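Keep in mind that the numbers below use all heavy atoms, side chains included, and drop hydrogens, waters and symmetry copies. Each residue takes its place number in the sequence, starting with 1. Just so it is clear, the model here is predicted, and its values are computed rather than measured.
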Amino acid sequence: MLMGHRTWLFGNSPVIISTGTVGGPFEANGNIPNDIDILHEDMWLNQDSFEKAQQMMMEEACQHAIKNSQIEKEQVSFFISGDLINQITPTSFTAKTLGVPYFGLFNACATSMESLALSAMIINGNGANYILSGASSHNAATEKQFRYPTEYGGQKPPTAQWTVTGAGCVLLAKEGTGPMVTSATIGKVVDMGMTDPFNMGGAMAPAAVDTISSHLRERGIDASYYDLIITGDLGHIGREVSLDLFHKNGIEIDENKYVDCGLTIYREGQPVLAGASGAACSAVVTYGHFLNKMKKGELNRILVVATGALHSPLSIYQKDPIPCIAHAVSIESGSDTL
């Protein structure tokens, strides 16, 4: 099961039997609205805070995934998820509503694949039959915590990214019909000394390259094995930085098969500067857009690499550098896996 130092191979191939994705009004006007199950016209979702609205989205994503499956909520063994808000309260309050045994996670915007990797690990080892795995974020809640309230109207530099308002989850099962989770490479913290919280893509790019390189090496494959290698939210700047690093390290990456969720979710012309970000970015785009392509037979093998910046408002105020991480999970539709 362990390949090399940090890669798990899931011989029992846990199956994604259903998904649930939710987005806000900005996402409804984006590039992939038809791949998002539930879209809201109002960022408040009839709640009295943005944090409660985020909780509502995560609840909806989980409920939609269960509804679209052949099981009852009582059959779900664990809920494994996280978000960006202090003490991951939107996710914890969602767990209260669901009434399902709960693991709360924080790896910033890498949480979606951290959750999926751990869920697959548990199911592969016969530790559960069904697990809900996901992540969420809210533009106004996240901006308020990490930068300043959106009402303030502060100007951002072109390196900044737009936090996705949404939630995405999968219902992972021991057996069933759907795309299979076949392996995962767990990221390590990479700190290149960057301190600018408005350049997350540039800060996270080295972590993405480190994890992808390790995954290919430890599985004994090259990048062409996958139809797509999908990063979480590097945006324009992070993607270019990572391609430069691959080139310097002698790793061949087909740029046409190297895509980013943060450059996929919004359409050209939306004022997102360097692209999208947020814990929901990779969750919504992967569990909606890319898994739909797999179901249609347009993709057979994808490697999803969610990237996260592990800073906090306090660490930025104290002038600490920004440590980053990336987790990679391979999802495949066929049985011809390595």
Side-chain angles (χ1 to χ4, degrees), residues 6 49-51 54 81-93 103-115 117-118 135-152 154-165 186-211 231-239 241-242 245 260-262 272-283 305-328:
R6 51 199 275 205
S49 74
F50 295 127
E51 291 77 12
Q54 182 174 332
S81 186
D83 60 70
L84 296 170
I85 304 304
N86 283 344
Q87 286 76 51
I88 58 171
T89 48
T91 305
S92 297
F93 289 3
F103 288 106
L105 305 178
F106 180 82
N107 252 194
C109 300
T111 298
S112 64
M113 291 304 111
E114 178 190 24
S115 170
L118 291 171
S136 66
S137 57
H138 192 293
N139 180 274
T142 302
E143 291 293 314
K144 179 173 65 176
Q145 177 169 310
F146 283 94
R147 296 178 182 92
Y148 36 71
T150 53
E151 296 89 343
Y152 181 72
Q155 187 172 358
K156 297 180 181 179
T159 56
Q161 294 170 247
W162 182 280
T163 303
V164 169
T165 298
I186 306 306
K188 64 181 182 181
V189 175
V190 177
D191 183 354
M192 302 302 293
M194 296 187 65
T195 58
D196 183 3
F198 288 101
N199 186 7
M200 293 293 92
M204 295 185 294
V209 171
D210 176 76
T211 297
T231 53
D233 48 355
L234 294 183
H236 289 290
I237 293 172
R239 182 176 184 273
V241 171
S242 65
L245 290 172
D260 185 68
C261 295
V272 296
L273 299 172
S277 66
C281 183
S282 57
V305 188
T307 48
L310 304 177
H311 67 295
S312 72
L314 181 62
S315 69
I316 292 298
Y317 295 152
Q318 294 179 345
K319 309 300 181 183
D320 288 330
I322 300 171
C324 297
I325 198 165
H327 301 297

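When the side chain to side chain donor-acceptor pair (under 3.5 Å) test is applied to Ser92, the partners found at least two apart in sequence or on another chain are Tyr102. Leu118 is linked by a side-chain contact (heavy atoms from CB on, under 4.5 Å) to Trp8, Leu105, Glu114, counting only residues two or more places apart in sequence or in another chain. Scanning for ring-ring contact (aromatic ring centres under 6.0 Å, His included) contacts around Phe106 gives an empty result, with sequence neighbours left out. Residues satisfying the salt bridge (charged side-chain N to carboxylate O under 4.0 Å, His left out) test with Arg6, not counting sequence neighbours, are Asp210. Every residue two or more places apart in sequence or in another chain that forms a side-chain contact (heavy atoms from CB on, under 4.5 Å) with Ser137 is listed here: Leu84, Thr142, Thr163, Val164, Ala279, Ala280. Annotation: ring-ring contact (aromatic ring centres under 6.0 Å, His included) contacts of His138 (sequence neighbours excluded): Phe50. Contacts of Gln155 classified as side-chain contact (heavy atoms from CB on, under 4.5 Å), with partners at least two apart in sequence or in another chain: none. Partners of His311 by ring-ring contact (aromatic ring centres under 6.0 Å, His included), not counting sequence neighbours, listed by chain and number: Phe146. Here Asp196 pairs with Thr159, Phe198, Asn199 under the side-chain contact (heavy atoms from CB on, under 4.5 Å) rule; sequence neighbours left out. Partners of Thr231 under the side chain to side chain donor-acceptor pair (under 3.5 Å) rule, at least two apart in sequence or in another chain, are Asp260. Take Asn107 and apply the side chain to side chain donor-acceptor pair (under 3.5 Å) test, not counting sequence neighbours, and it matches His327. Taking the side chain to side chain donor-acceptor pair (under 3.5 Å) definition, one finds that Lys156 meets it with Glu143, sequence neighbours left out.
Minimum interatomic distance between Ser136 and Thr91 (heavy atoms only, all atoms of both residues): OG-OG1, 4.4 Å.
Paired with Gln54 under the rule side-chain contact (heavy atoms from CB on, under 4.5 Å), one option of Thr89, Asn139, Ile85 passes, and it is Ile85.
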